[in-house]
Amino acid sequence: MALPRHFVVFILQLILVPLAFNLCNASHGLKHGFYRKTCPKVEAIVRKKTAEYISKAPTLAAPLLRMHFHDCAVRGCDASVLLNSTQNNQAERDAFPNQSLRGFQVINGVKFALEDKCPGVVSCADILALVARDVVSMIKGPHWKVPLGRRDGRVSIMDEALNLLPPPFANISSLKQQFASLGLNAKDLAVLSGGHTIGTAHCFSFSDRMYNFTGQGDTDPTMDPNYIAHLKKKCSPTDVTTIVEMDPGSFKTFDEKYYTLVAKRRGLLQSDAVLLDDIETKAYVKQQALTHGSTFFKDFGKSMVKMGKIGVLTGHAGEIRKHCDFVN
């Protein structure tokens, strides 16, 4: 039997408290030009290889961006989300919240190219951070400088991903607490949520809002009823396969239209809609909607850099994997 949502959130909060100390107090040790001597063309190689994939499949941009966040939210930005499960351990990438991730072949393709030029030098964690930046800029989004020097973790546990990744039904209080545990504030929450301007979501991730919001067969009163009617044409109550655009009409382009939708009560996920339930996040949504994203690109780059420093392994910690799917 499924646990009530409020109980899941409560358990999640209990788990996050001790984790917050570990991740927020990590020594960063990242810097620009980290590979200047050991692999001077690292960024050019990453961008060229990534472009080969994105030019053929631009819809990979969203899951690759999400992959970086899903990695950093569990054990910090250590590429643990890339590790395969083994006979004795179920890894993060097999957790239900990570089933929507795609593009692992892109990360491996980039890694192989770098191993050819600079064997044993560039971490998979740094590759994730660079690829996330590059896919966003390749679909008309911002470009930011990525400090490097991350090393790869050796541990990946499925249950940690299940417990620590924000669920699509999270309320604003739990979202703010989860982000705070990672060293991110309310503005970062509003900014990084803007990543939903690209990509898609399965019907089951928001079907409760249309068919059974409080368990009484009702709809979410905070959602535009016209939008609900539109979504019901796409998704039946039991649909587990259909996907819907997060940002209808421009889900392949990184832009500010996400905020216009949220402001009009057309945020697809409940975790999008609840941005209007907090003074600070609501103000940010309204500002970007009214000014056509006047500061969104700059803000997004800053928050991505901040996120990319969560719980990193540097110096002699961790390792530099030879293959991103396996520990050495």
Report whether [X] and [Y] are members of the same hydrophobic cluster (ILVMFWY, side-chain heavy atoms less than 4.5 Å apart, transitive linking).
| X | Y | value |
| --- | --- | --- |
| V121 | V327 | no |
| F251 | I139 | no |
| I54 | L128 | yes |

Is any NZ, NE, NH1 or NH2 atom of the basic residue among [X] and [Y] found under 4.0 Å from an Asp or Glu carboxylate oxygen of the other?
| X | Y | value |
| --- | --- | --- |
| E43 | R133 | yes |
| K234 | D239 | no |
| E52 | K56 | no |
| K187 | D299 | yes |

Just by distance, no angles: are the side chains of [X] and [Y] close enough, under 3.5 Å, to form a donor-acceptor pair?
| X | Y | result |
| --- | --- | --- |
| S174 | N171 | yes |
| D78 | S80 | yes |
| N108 | D325 | yes |

Residues at least two apart in sequence or cross-chain that pass side chain to side chain donor-acceptor pair (under 3.5 Å) with D247, listed by chain then number, are T197, S250
Atom [atom1] in [X], atom [atom2] in [Y]: separation rounded to 0.5 Å?
| X | Y | atom1 | atom2 | result |
| --- | --- | --- | --- | --- |
| I320 | S123 | CD1 | OG | 5.0 Å |
| D152 | N328 | CG | CG | 8.0 Å |
| R47 | D134 | CZ | CG | 5.0 Å |
| T50 | L60 | OG1 | CG | 10.5 Å |
| L65 | M304 | CG | CE | 5.0 Å |
| H32 | K145 | NE2 | NZ | 6.5 Å |

Is it true that, when you exclude [X] itself, more than 12 heavy atoms of the residues, nucleotides or ligands shown sit nearer than 6.0 Å to its [atom1]?
| X | atom1 | answer |
| --- | --- | --- |
| E115 | CD | yes |
| H316 | NE2 | no |
| K252 | NZ | no |
| K302 | NZ | no |
| F96 | CZ | no |
| I243 | CD1 | no |

Qualifying residue, where the test is side-chain hydrogen bond (donor to acceptor under 3.5 Å, both in side chains) with D224 and the options are H230, R266, R265
R266
Heavy-atom closest contact ([X] atom, [Y] atom, distance):
| X | Y | answer |
| --- | --- | --- |
| D94 | M158 | O-SD, 3.7 Å |
| P147 | L30 | CB-CB, 3.9 Å |
| G267 | D272 | CA-CB, 4.0 Å |
| V74 | A161 | CG2-CA, 3.9 Å |
| A79 | D71 | N-OD2, 2.9 Å |
| T314 | R151 | C-CD, 3.9 Å |

Would R93 and L101 satisfy side-chain contact (heavy atoms from CB on, under 4.5 Å), going step by step from the backbone distance to the final call?
CA-CA 8 Å; R93 72 190 275 176; L101 297 183; 6.0 Å; no
Checking the side chain of [X] only, and the main-chain atoms of [Y] only, is there a donor and an acceptor separated by less than 3.5 Å?
| X | Y | answer |
| --- | --- | --- |
| N185 | L189 | no |
| R150 | A129 | no |
| K49 | I107 | no |
| Q216 | N212 | no |
| N98 | E92 | yes |

Kindly write out the residues that satisfy ring pair (Phe, Tyr, Trp, His ring centres under 6.0 Å) with F69, not counting sequence neighbours, or none if the list is empty.
F179
Just to verify, what does Y284 make a ring pair (Phe, Tyr, Trp, His ring centres under 6.0 Å) with, not counting sequence neighbours?
Y259
Applying side-chain contact (heavy atoms from CB on, under 4.5 Å) to H196 and L268, what does each step give before you reach the verdict?
CA-CA 9 Å; H196 286 171; L268 187 62; over 6 Å; no
Any side-chain heavy-atom pair of [X] and [Y] under 4.5 Å:
| X | Y | answer |
| --- | --- | --- |
| F169 | Q270 | yes |
| K111 | L82 | no |
| M307 | D188 | no |
| F104 | C324 | no |

Where do V136 and W144 land on the side-chain contact (heavy atoms from CB on, under 4.5 Å) test, with the steps shown first?
CA-CA 10 Å; V136 167; W144 59 91; 4.0 Å; yes
Ring-plane angle category for F254 and F296, please: parallel below 30°, perpendicular beyond 60°, tilted otherwise.
parallel
Take F112 and H323 through the test ring-ring contact (aromatic ring centres under 6.0 Å, His included) and record every step on the way to the result.
CA-CA 8 Å; F112 295 153; H323 191 295; 5.4 Å; yes
Assess whether side-chain contact (heavy atoms from CB on, under 4.5 Å) is satisfied between Q288 and T295, documenting all intermediate values.
CA-CA 7 Å; Q288 300 311 317; T295 66; 2.8 Å; yes
Can you list the steps and then say if Y227 with F206 is a ring-ring contact (aromatic ring centres under 6.0 Å, His included)?
CA-CA 12 Å; Y227 190 39; F206 56 88; 8.2 Å; no
